[in-house]
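Okay, so here's the structure we're looking at.
Just so it is clear: chains get the letters A, B, ... in the order the sequence lines come, proteins before strands, and each one is counted from 1. Hydrogens, waters and symmetry mates play no part in the numbers below; they use all other heavy atoms, side chains included.
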Amino acid sequence: AQTVTQSQPEMSVQEAETVTLSCTYDTSESDYYLFWYKQPPSRQMILVIRQEAYKQQNATENRFSVNFQKAAKSFSLKISDSQLGDAAMYFCAYRTTNAGGTSYGKLTFGQGTILTVHP
Amino acid sequence: DGGITQSPKYLFRKEGQNVTLSCEQNLNHDAMYWYRQDPGQGLRLIYYSQIVNDFQKGDIAEGYSVSREKKESFPLTVTSAQKNPTAFYLCASSIDLGQGGPTTEAFFGQGTRLTVV
């Protein structure tokens with residue numbers, strides 16, 4: 001079964017600085033999708049960035065970028081020029097693409113990392 | 001506007017009662033999911049469905065049941081067998097992976113806060 005691990009329960013960063021959130025996962029699949037979601041105090045889940053495992057190029061979305069290391073099964077999120085509005089809980093997620101398998105389409109989340117941004 | 005609607009926003013249940021949480025989407029998504037979130041914790045998968053009339057148990061299915069009679073709807077029943085149901089419940093939907101395309105991520109509803117009284 002796929003598992004997703006976020007080893008940092010809490011992180012903090014100064015405004016305008018850079019912070020990296022860690023995520024590792026366990027899978028025997030070769031093709032899958034990875035995501036980072038943000039959950040602000042409103043509790044609405046917001047997609048931050050996605051990565052297809054078959055793409056070697058790391059995904060970027062404005063100030064957000066990932067470091068995808070497929071062999072190491074690592075998927076970290078880097079937030080550059082941190083802003084107060086980035087304060088939230090961040091979740092790493094894995095979606096299986098094992099067509100025909102019993103877990104086809106299963107979407108599994110990590111435990112989350114609470115990010116605090118200091119002014 | 002397309003989206004996912006969860007209702008009610010707040011729900012109170014007496015011990016021993018079954019309650020049903022509603023989740024409706026008009027995004028034409030095949031896949032739907034139910035998650036439970038406890039305070040300060042991650043999302044744990046309860047059930048998921050990739051197609052109408054079919055669903056799979058997630059990691060914490062005990063004490064819960066679902067149905068998927070329509071593509072748009074995926075209601076979750078919290079039964080009396082669930083001993084600690086107080087939590088925040090999130091419903092999500094996504095396109096089927098076989099359709100490909102960039103929008104493989106899940107879209108979430110606003111959540112239902114269930115409290116046992």
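Counting all heavy atoms, side chain and backbone alike, B/V66 lies closest to B/L76 at CG1-CD1, 3.6 Å.
For residues 35-49 of chain B, the salt bridge (charged side-chain N to carboxylate O under 4.0 Å, His left out) pairs, not counting sequence neighbours, are B/R36-B/D38, B/D38-B/R44. Residue pairs satisfying the salt bridge (charged side-chain N to carboxylate O under 4.0 Å, His left out) criterion with at least one member in residues 51-61 of chain B, sequence neighbours excluded, are listed as follows: A/K106-B/D59.
Between the side chain of A/T24 and the backbone N or O of A/S74 there is no donor-acceptor pair closer than 3.5 Å.
With a threshold of 4.5 angstrom between heavy atoms, A/Q6 does not approach chain B through any atom at all. If you measure heavy-atom distances from B/L45 to chain A, the contacts under 4.5 Å come from the side chain alone. Looking at B/Q110, the atoms closer than 4.5 Å to chain A (heavy atoms on both sides) sit in the backbone and in the side chain alike.
Within residues 76-91 of chain A, the residues having any heavy atom under 4.5 Å from a heavy atom of chain B are, by residue number, A/M89, A/F91.
Proximity of A/Y37 to B/E105: side-chain heavy atoms (C-beta onward) are separated by under 4.5 Å at one or more points.
A/F109 and B/I60 fall into different hydrophobic clusters, where Ile, Leu, Val, Met, Phe, Trp and Tyr residues are linked whenever their side-chain heavy atoms come under 4.5 Å apart, directly or through other members.
Residues that satisfy the side chain to side chain donor-acceptor pair (under 3.5 Å) test with B/S73, not counting sequence neighbours, are B/E24.
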